[in-house]
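Residue numbers start from 1 in every chain, and the chains themselves are labelled A, B, ... in the order their sequence lines are given, proteins ahead of strands. Only this structure's heavy atoms are used, side chains among them; waters, hydrogens and symmetry mates stay out.
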Number of protein chains: 2
Amino acid sequence: MTDLHEKKKRLILNLFEMNCVSHITHGLWRLPGNNRERFNDIDYWIELAQLLEEGGFDAVFLADVIGTYDVFRGSAATAIREGLQIPSNDPLVIVPAMAAVTKRLGFGITFSATYEPPFAFARRISTLDHLTKGRVGWNIVTSYLPNAARNFGLDGEIEHSERYRRADEYLDVLYKLWEGSWDEDAIITDRENNVYADPAKIRRIDHVGEYFKVEGPHLVSPSRQRTPLLIQATASEDGINFAGRHAEVIFTGGPPELIKKTIAGIKQSAVDNGRPADSVKFVVGAEIVVGRTAEEAAEKLAYYQSFASLDGFLAHASLDWDPTAYPPETRVADIPEASSGLGRRRRAPDPDQTMTDLLDQFRTFGSKFHFFASGTPEVVADVIESWLDDVGIDGINLIQFHTFDTARDFAELVVPELRRRGRLPQVPDPDATLRDRIFGAGDRLPDYHYGARYRGGVLAPIEDPAAELASFPEAVA
Amino acid sequence: MTDLHEKKKRLILNLFEMNCVSHITHGLWRLPGNNRERFNDIDYWIELAQLLEEGGFDAVFLADVIGTYDVFRGSAATAIREGLQIPSNDPLVIVPAMAAVTKRLGFGITFSATYEPPFAFARRISTLDHLTKGRVGWNIVTSYLPNAARNFGLDGEIEHSERYRRADEYLDVLYKLWEGSWDEDAIITDRENNVYADPAKIRRIDHVGEYFKVEGPHLVSPSRQRTPLLIQATASEDGINFAGRHAEVIFTGGPPELIKKTIAGIKQSAVDNGRPADSVKFVVGAEIVVGRTAEEAAEKLAYYQSFASLDGFLAHASLDWDPTAYPPETRVADIPEASSGLGRRRRAPDPDQTMTDLLDQFRTFGSKFHFFASGTPEVVADVIESWLDDVGIDGINLIQFHTFDTARDFAELVVPELRRRGRLPQVPDPDATLRDRIFGAGDRLPDYHYGARYRGGVLAPIEDPAAELASFPEAVA
């Protein structure tokens with residue numbers, strides 16, 4: 001049994017969160033007892049972090065947007081009514097509050113590589129990695145909302161493949177700062193001679209590229225992970241090439257066949273970039289409703305479903321046409337606008353679908369994110385095991401219907417079952433970094449990773465023309 | 001007595017801190033028991049915040065730089081050896097950890113208006129103001145280190161007066177986001193009709209200026225203060241004009257006569273900008289060594305002084321010539337390079353000074369920051385009262401010799417004495433915002449402040465072309 005358990009793939013268990021009212025299960029902020037409205041309050045995040053850590057979660061995965069959803073019905077009005085990711089608070093600054101009350105919980109933080117200067121971001125993440133003792137992951141995105149571009153001085157979005165080219169150089173700057181700017185033994189702490197750090201072991205980065213120019217050195221000494229765990233949410237062609245070079249964890253979705261294809265494509269891309277195929281882990285969004293009995297689970301799901309708001313889902317999808325404006329029996333094929341598809345990230349609809357079918361698909365849980373399970377802890381664990389072993393994923397971002405009930409239900413009912421099945425560790429290592437917890441191969445980026453190339457003193461050290469002059473401290477009484 | 005006490009000016013009491021090893025008392029990180037090396041550790045900040053809150057401090061004032069001191073001896077080597085503000089971690093992300101363990105302590109956060117996009121900064125500060133329930137102040141700087149400019153894509157510093165013009169527009173963008181983008185009653189929380197917020201009460205900012213283009217709306221709902229308490233560290237001509245328009249608290253320094261002049265100039269500038277003269281408070285850096293007896297204080301000062309590192313002070317001052325390279329009896333007048341002055345912020349040296357005099361001045365506490373007191377609690381309180389009443393300051397940023405001893409000594413010995421004298425409140429209001437604690441006139445920017453002009457619906461509301469179409473939620477079982 002022990003051997004068999006050891007061979008089993010361990011589940012990466014994250015809670016999917018966002019610093020806002022309505023993240024992804026629109027309308028459900030109105031559920032009695034739902035805490036989502038408290039997102040402005042530091043106690044919300046403290047309570048959540050403690051619940052997750054005690055409940056056996058690996059990390060909280062924080063989504064983010066830096067603009068509003070203003071495509072559906074030509075304005076942000078629907079998003080605003082729905083509390084759909086507006087207000088949306090900064091994800092990075094809630095992490096230290098959660099870190100202050102936990103020892104083990106990881107933090108996946110979404111941040112766009114498109115609009116803010118890399119030097120400041122590198123410093124913030126390094127500071128956070130110090131504060132959390134190595135529990136930080138960065139979900140790399142390039143941002144898709146046109147309003148986001150207009151909030152940062154542009155007239156519209158940068159074209160998709162150029163965003164990825166730019167992100168590639170952004171990562172290059174970051175690797176130089178995180179991996180190459182401070183040698184491992186730069187900090188000396190020699191009290192007698194008053195030398196805190198050795199200038200010969202701290203390096204400028206002198207980056208001059210197509211998009212960025214950054215001198216350095218990095219302002220932060222090496223944190224436990226140096227480079228945070230690199231996460232990427234992607235499925236596009238440019239995204240796959242980028243992922244093969246950089247990503248350690250991929251957040252993806254879709255039906256099993258598509259996910260298998262995504263996994264195969266990214267593993268191949270990793271191999272093409274000199275990395276082992278198993279150097280990338282795959283996490284999917286998961287809608288899970290669990291009950292002590294099948295009936296309890298079904299009732300809970302129906303109850304949650306009764307609060308779902310169709311407009312929220314349509315606005316979130318950024319549909320540029322309005323399926324609610326047609327008679328229910330109208331077929332997709334009869335609506336010219338429908339040829340533009342089902343908004344951001346969605347493929348073309350089935351031409352024979354009626355509006356009723358289509359709208360039901362939008363508002364019905366289990367119809368969109370493709371990882372869906374509802375039932376007893378055993379049923380849920382069966383579905384998770386089948387996705388781990390048959391589809392090939394490594395983990396889930398648990399989607400919340402009710403905050404904090406969804407996380408609490410999972411912790412109380414499903415986590416013990418997954419531990420029994422050897423899919424979650426019995427006693428998590430309280431001292432492990434996020435990267436080490438997931439890969440079990442140390443705190444740092446592996447040597448074969450692209451970002452490791454700047455290590456080992458390849459960058460120019462700080463000039464020290466007056467080293468021989470250095471007057472060591474003189475006491476003055 | 002009560003009347004007399006009520007008329008006394010209350011002291012604003014801040015601890016001067018920085019997320020680094022050697023902030024401003026160079027060499028003293030080596031003092032036995034000094035905790036400064038622990039700055040990477042979240043527990044350092046948690047312990048400090050608790051000590052300050054319990055000790056009666058109003059706020060922790062966090063300095064920052066985003067580059068290295070590389071002028072002295074032509075390189076950053078001296079700064080690196082000294083731990084002089086390198087490593088230097090991000091100041092903003094330690095605040096939520098401190099907020100998680102306090103209820104009342106304020107946070108003054110230094111952030112440069114020169115290099116990062118205003119939209120992202122506005123969002124981070126609003127999120128922090130929510131998390132802290134209104135305890136955030138922003139110390140507005142425009143950055144002075146040439147290396148900082150080179151870390152953010154420029155070849156060198158933007159010229160001083162242009163930096164202020166740019167900062168002026170930066171503030172304009174921020175006021176639109178903080179004060180004008182969300183009406184006071186925008187959040188509705190109507191569960192029955194599934195309306196979280198009212199689109200008619202949320203406004204784009206549509207800012208198009210010389211330096212910035214930002215559409216909005218702001219992504220964060222109104223926090224308790226909306227605009228954080230506006231602090232500015234300045235004394236320059238451009239700085240004084242800027243302060244008259246924007247600043248609520250000025251962090252300044254120098255000998256009493258200069259401070260009196262600075263205060264008069266900025267009060268006049270405030271009046272010229274339609275504000276009352278008393279709408280700006282003045283805070284100075286203060287070197288204070290207190291003991292239970294005069295002897296204890298003198299011994300402590302001598303002990304601290306014995307750890308002072310001359311090189312650290314010279315590098316911090318950014319001297320572009322090296323006074324240690326001349327025989328001790330050389331006069332300033334005999335050194336041509338000395339005509340460039342005493343580095344950043346320093347005026348020309350006395351031509352008759354010898355190198356010995358000059359170097360002693362650099363390394364001797366009490367010779368530079370001009371607010372200096374050493375002695376019993378009564379003596380220290382006397383000096384504070386004379387600066388409050390005769391020089392006209394309103395508060396101090398207490399400079400640390402030893403962390404946490406300096407703050408603890410002040411809390412244990414001086415705070416009770418200042419309370420006895422009516423200079424500090426007996427029981428601080430646990431629920432007050434930082435602005436209200438300092439001005440006693442509410443949480444928000446006063447109506448006469450420049451930033452208030454964007455309030456009251458002057459910006460364009462979100463378009464809502466399909467308001468009549470809005471399909472309110474339909475339940476699906």
Looking only at G27(B), C20(B), A97(B), S88(B), most heavy-atom pairs under 4.5 Å shared with chain A are made by S88(B)
Verify, without hydrogens or angle tests, whether R124(B) (side chain) and V93(A) (backbone) share a donor-acceptor contact under 3.5 angstrom.
no
Taking side chain as everything from C-beta outward and backbone as N, CA, C, O, which of these in H207(B) sits under 4.5 Å from a heavy atom of chain A? Side chain, backbone, both or neither.
neither
Who wins among G74(A), G312(A), G67(A), A77(A) for the most heavy-atom pairs under 4.5 Å with chain B?
A77(A)
Check: A200(A) main-chain N/O paired with D464(A) side-chain donor or acceptor under 3.5 Å
no
Side chain, backbone, both or neither of S126(B) within contact of chain A (heavy atoms, under 4.5 Å)
neither
Among Y196(B), W45(B), Y44(B), F39(B), which residue forms the greatest number of heavy-atom pairs with chain A at distances under 4.5 Å?
Y196(B)
Quick check on V21(A) against chain B: is it the side chain, the backbone, both or neither that has a heavy atom closer than 4.5 Å?
side chain
Heavy-atom distance under 4.5 Å to chain A: side chain of D129(B), backbone, both or neither?
neither
Between N194(A) and R30(B): side-chain donor-acceptor atoms closer than 3.5 Å
yes
Do the side-chain N and O atoms of T68(A) and N147(A) include a donor-acceptor pair separated by under 3.5 angstrom?
yes
Chain B contact via I94(A) - which portion, at a heavy-atom distance below 4.5 Å:
both
Against chain B, label S223(A) side chain, backbone, both or neither, depending on which of its atoms sit under 4.5 Å from a heavy atom there.
neither
Is it true that S309(A) and E82(A) share a donor-acceptor pair across their side chains at a distance under 3.5 Å?
yes
Proximity breakdown for S221(A) and chain B, heavy-atom pairs closer than 4.5 Å
both
Any chance the side chains of N89(A) and R123(B) put a donor and an acceptor closer than 3.5 Å?
no
Heavy-atom contact with chain B under 4.5 Å, split by part of H26(A)
neither
With a 4.5 angstrom heavy-atom cut-off, which part of I66(A) approaches chain B: side chain, backbone, both or neither?
both
Residues forming a ring-ring contact (aromatic ring centres under 6.0 Å, His included) with F72(B), sequence neighbours excluded
none
Looking only at V220(B), D70(B), N19(B), most heavy-atom pairs under 4.5 Å shared with chain A are made by V220(B)
Contact origin within V65(A) toward chain B - heavy atom pairs under 4.5 Å:
backbone
Just give me the residue among P461(A), G153(A), G83(A) that pairs up with chain B most often, heavy atom to heavy atom, under 4.5 Å.
G153(A)
Looking only at heavy atoms, which two atoms of Q85(A) and Y69(A) are closest? And how far apart?
OE1-OH, 2.8 Å
Indicate yes or no for a side-chain donor-acceptor contact from N151(A) to the backbone of G216(B) under 3.5 Å, with no hydrogens or angles considered.
yes
Measure T189(B) against the heavy atoms of chain A and call it side chain, backbone, both or neither at under 4.5 Å.
both
Any sub-3.5 Å donor-acceptor pair from T114(A)'s side-chain atoms to S143(A)'s backbone N or O?
no
Of all heavy-atom pairs linking D190(A) and N193(A), the shortest is OD2-ND2, 2.8 Å
Criterion ring pair (Phe, Tyr, Trp, His ring centres under 6.0 Å) on F152(A) and Y115(A), from CA distance to verdict
CA-CA 6 Å; F152(A) 287 86; Y115(A) 301 115; 5.0 Å; yes
D198(B) portion near chain A, given a 4.5 angstrom heavy-atom threshold
backbone
For L28(A), does its backbone N or O pair with a side-chain atom of N34(A) as donor and acceptor, under 3.5 Å?
yes
Identify which part of F111(B) has an atom lying under 4.5 Å from any heavy atom of chain A, answering side chain, backbone, both or neither.
side chain
Is V101(B) in contact with chain A via its backbone, its side chain, both, or neither, using a 4.5 Å heavy-atom distance?
neither
Counting heavy-atom pairs under 4.5 Å to chain A, which of M98(B), E463(B), E116(B) comes out on top?
E116(B)
Most contacts with chain A, counted as non-hydrogen pairs under 4.5 angstrom, among V208(B), L219(B), T127(B)
L219(B)
Pick one of side chain, backbone, both or neither for T78(A), based on which atoms fall under 4.5 Å of a heavy atom in chain B.
neither
Short side-chain donor-acceptor distance under 3.5 Å, R73(B) and T324(B):
yes
Would you mind checking which part of L131(A) comes under 4.5 Å of any heavy atom in chain B, side chain (CB onward), backbone (N, CA, C, O), both or neither?
both
If you tally heavy-atom pairs under 4.5 Å between each of F212(B), W182(B), Y303(B) and chain A, the highest tally belongs to W182(B)
